[in-house]
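Just so you know, ligand 1 is whichever comes first in the structure, and atom 1 is the first atom listed for that ligand. One is the number of the first residue; the rest follow in order along the sequence. In what follows, every heavy atom counts, from backbone to side chain, and hydrogens, waters and symmetry copies are set aside.
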Amino acid sequence: MSAPDSPDSRDTGLEFAPDFVIGSATASYQIEGAAHEGGRTPSIWDTFSRTPGKTWNGDTGDVADDHYHRLESDLDLMADLGLEAYRFSIAWPRVQPGGSGPANATGLAFYSRLVDGLLDRGIRPIATLYHWDLPQELEDAGGWPNRDTAFRFAEYAAHTVEALGDRVHTWTTLNEPWCSAYLGYGSGAHAPGRTEGAAALAAVHHLNLAHGLAVQEIRRLAVADPDVSVTLNFHVARGDHETSPEARRRVDALANRAFTGPMLRGTYDGDLIGDTAGVTDWAFVRDGDLAAIHQPLDVLGVNYYSTVTVRMWDGVSPRARNDGHKDMGGSPWPGSEHVEFLPQAGPFTDMGWNIAPDGLEELLVSLHGQFPGLPLMITENGAAFPDEVVHASGGARVPDAERVDYLRRHFAAAHRALARGVDLRGYLVWSLLDNFEWGYGYSKRFGIVRVDYDTQVRTVKDSGRWLSQLIRSRRIPELDVPSVRARPL
Ligand code: IFM
């Protein structure tokens, strides 16, 4: 925390325009639970989390936040917080069990109630079609390295947009395809846990293709004029070693341009193809694919948490691997394994990720420069900290001062980007609720609302109250957290 008289206190009072959308985000498998209800079939995350050693404590999303059964009260909570937008994801195996065939009316009915409940409360729904819960049957058929999965995704997108496209205006195709491809098929830290570099790169391409095909389905089926987007987790790479520029170029090619290249420019850059030549010949890219992927977008979703510091490995000293992800044996950097990820300066969140709000400003300014005319939205930003509940005379509280400070610094960075001319349309805090943090199970808490996993009781944290105050006042609130929590919701 910075002292009130530190230079950071100048952030207090910075103002956001009335049309700057402020809200929060979640994802289906992380919060819904009800894994075996309403016709839902297993996803790769059900299988992976049941595999010994894959998640912390063997945790699964079977119950999670039980959001499926607590929809109405969670919607009321969002309204109490004053959220202007809520970004959620739709579970493919709920809507199209098994990943092919007709839509499941029960699954769609759940999301229909969610959307109606948001609209009734004046909250804008932002729907993500894919936040990692691939139907297990499609993985059994080859998963994302299999070309057919992209066409199955387009079919699922059509079912979903047909059902909800009269009420959902903003659609996001994929969340963080970097994780789906490189953690799912390269490092093995995410479902399905494969460690095959060539498969990871094939997955990259088929996720890109899935995105392009789904955009076309959204435009074909959505009523009115939808805002179509994709959410990417950009890597902001730094480093001052003489080999850092080469390492940064490689990370940018593999992590960022592997997606923005085809999606936003209609091409895979030559250096990406060259860097990965020892892994794949990219023969999976067929005639017409790039045109299918390169669809006009209305907004680009930006997920940002921290930076990486890189240089090329000298081949002698032990190689540093501080890229912020669990080491499960495989490499999430196919063809660039000799990029070294160095330890960074703190402070750190509970994920061990460095806190670097200037990285957010740098990223937003850079994206605006690379893709002028494409509006940006921060679709995720937030932090895990080991919160505690305290019981005071006014009831239970969660004094998460570190998260408040993290958010304040990042909102201020977003404000600086706006002042530098970036067309930034909004900011969605990750996450509304503490939830299933993938390989880390329930050991990491990102919520602005605490969830007691034994009782499912929700307690708004000080950060939730702070965000609520920001939304209502349009200004970054005072650093004085007690005054925030004294305010009734
Ligand atoms: O919880 C995840 C989310 O599912 C995707 N983006 C990063 C978050 C924090 O790790």
Side-chain angles (χ1 to χ4, degrees), residues 23-33 43-46 48-49 55-56 59-61 64-65 67 86-92 126-134 172-184 187 189-191 207 229-236 255-256 259 300-308 322-326 328 332 348-356 359-360 363 377-387 402-403 406-407 410 427-451 463:
S24 190
T26 63
S28 48
Y29 190 71
Q30 295 182 271
I31 65 163
E32 284 178 3
S43 76
I44 53 175
W45 270 97
D46 295 88
F48 185 76
S49 60
T55 65
W56 181 85
D59 287 350
T60 73
D65 293 340
H67 171 71
Y86 174 59
R87 173 177 178 249
F88 59 95
S89 81
I90 294 165
W92 187 346
I126 298 183
T128 300
L129 287 167
Y130 186 74
H131 198 126
W132 309 349
D133 30 16
L134 182 72
T172 302
T173 55
L174 308 174
N175 178 73
E176 301 182 353
W178 184 90
C179 297
S180 302
Y182 296 115
L183 299 183
S187 81
H190 276 194
L207 283 154
S229 68
V230 65
T231 278
L232 302 176
N233 55 324
F234 292 95
H235 280 62
V236 178
N256 303 334
F259 302 101
L300 176 61
V302 179
N303 288 1
Y304 174 85
Y305 291 88
S306 63
T307 59
V308 290
N322 299 67
D323 66 358
H325 303 288
K326 275 176 102 174
M328 295 291 274
F348 302 99
T349 69
D350 197 29
M351 297 294 284
W353 298 345
N354 63 313
I355 299 174
L360 176 62
L363 174 62
M377 178 171 286
I378 298 168
T379 40
E380 283 183 29
N381 173 253
F385 288 108
D387 314 311
E402 288 168 299
R403 185 174 293 101
Y406 179 100
L407 291 175
H410 286 78
Y427 195 135
L428 307 176
V429 170
W430 186 268
S431 178
L432 175 68
L433 302 169
D434 289 338
N435 59 47
F436 176 78
E437 177 53 24
W438 310 110
Y440 298 90
Y442 297 99
S443 68
K444 307 292 178 192
R445 293 181 176 272
F446 274 92
I448 54 172
V449 175
R450 182 177 175 97
V451 176
S463 58

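At a 3.5 angstrom cut-off on N or O pairs, Glu380 counts as close to ligand 1. For ligand 1, the polar-atom distance check against His131 finds a nitrogen or oxygen pair separated by under 3.5 Å. Checked against a 3.5 angstrom limit, the closest N/O atoms of Trp430 and ligand 1 fall inside it.
Checked by atom type and distance alone, the side chain of Arg445 never pairs as donor or acceptor with a backbone atom of Asp387 at under 3.5 Å. Between the side chain of Ser431 and the backbone N or O of Ala25 there is at least one donor-acceptor pair closer than 3.5 Å.
Heavy-atom proximity to atom 8 (C) of ligand 1, evaluated over Trp438, Trp132, Tyr305, is greatest for Tyr305.
Neither the backbone nor the side chain of Tyr440 has any atom closer than 4.0 Å to an atom of ligand 1 (non-hydrogen atoms only).
Tyr304 does not count as a contact of ligand 1, since none of its heavy atoms falls under 4.0 Å from the ligand. Ligand 1 lies out of reach of Lys444, whose nearest heavy atom is not under 4.0 Å from it.
In the vicinity of Trp353, heavy-atom distances shorter than 4.0 Å reach the ligand 1 atoms 10 (O). Shown in contact with Phe446 at under 4.0 Å from a heavy atom are these atoms of ligand 1, numbered in order with element: 9 (C), 10 (O).
For the 3.5 Å distance criterion, the side chains of Ser89 and Tyr29 fail to qualify, holding no donor opposite an acceptor. No hydrogens or angles considered: nothing links the side chains of Asn175 and Thr128 as a donor-acceptor pair under 3.5 Å. Between the side chains of Thr172 and Thr231, no donor-acceptor pair is found at a separation under 3.5 Å.
At a threshold of 4.5 Å between non-hydrogen side-chain atoms, the residues Phe446 and Gln30 do not count as touching. Contact check for Leu360 versus Ile378: side-chain heavy atoms found under the 4.5 Å cut-off.
Closest to atom 1 (O) of ligand 1, if we only count protein heavy atoms, is Glu437 OE1, 2.6 Å.
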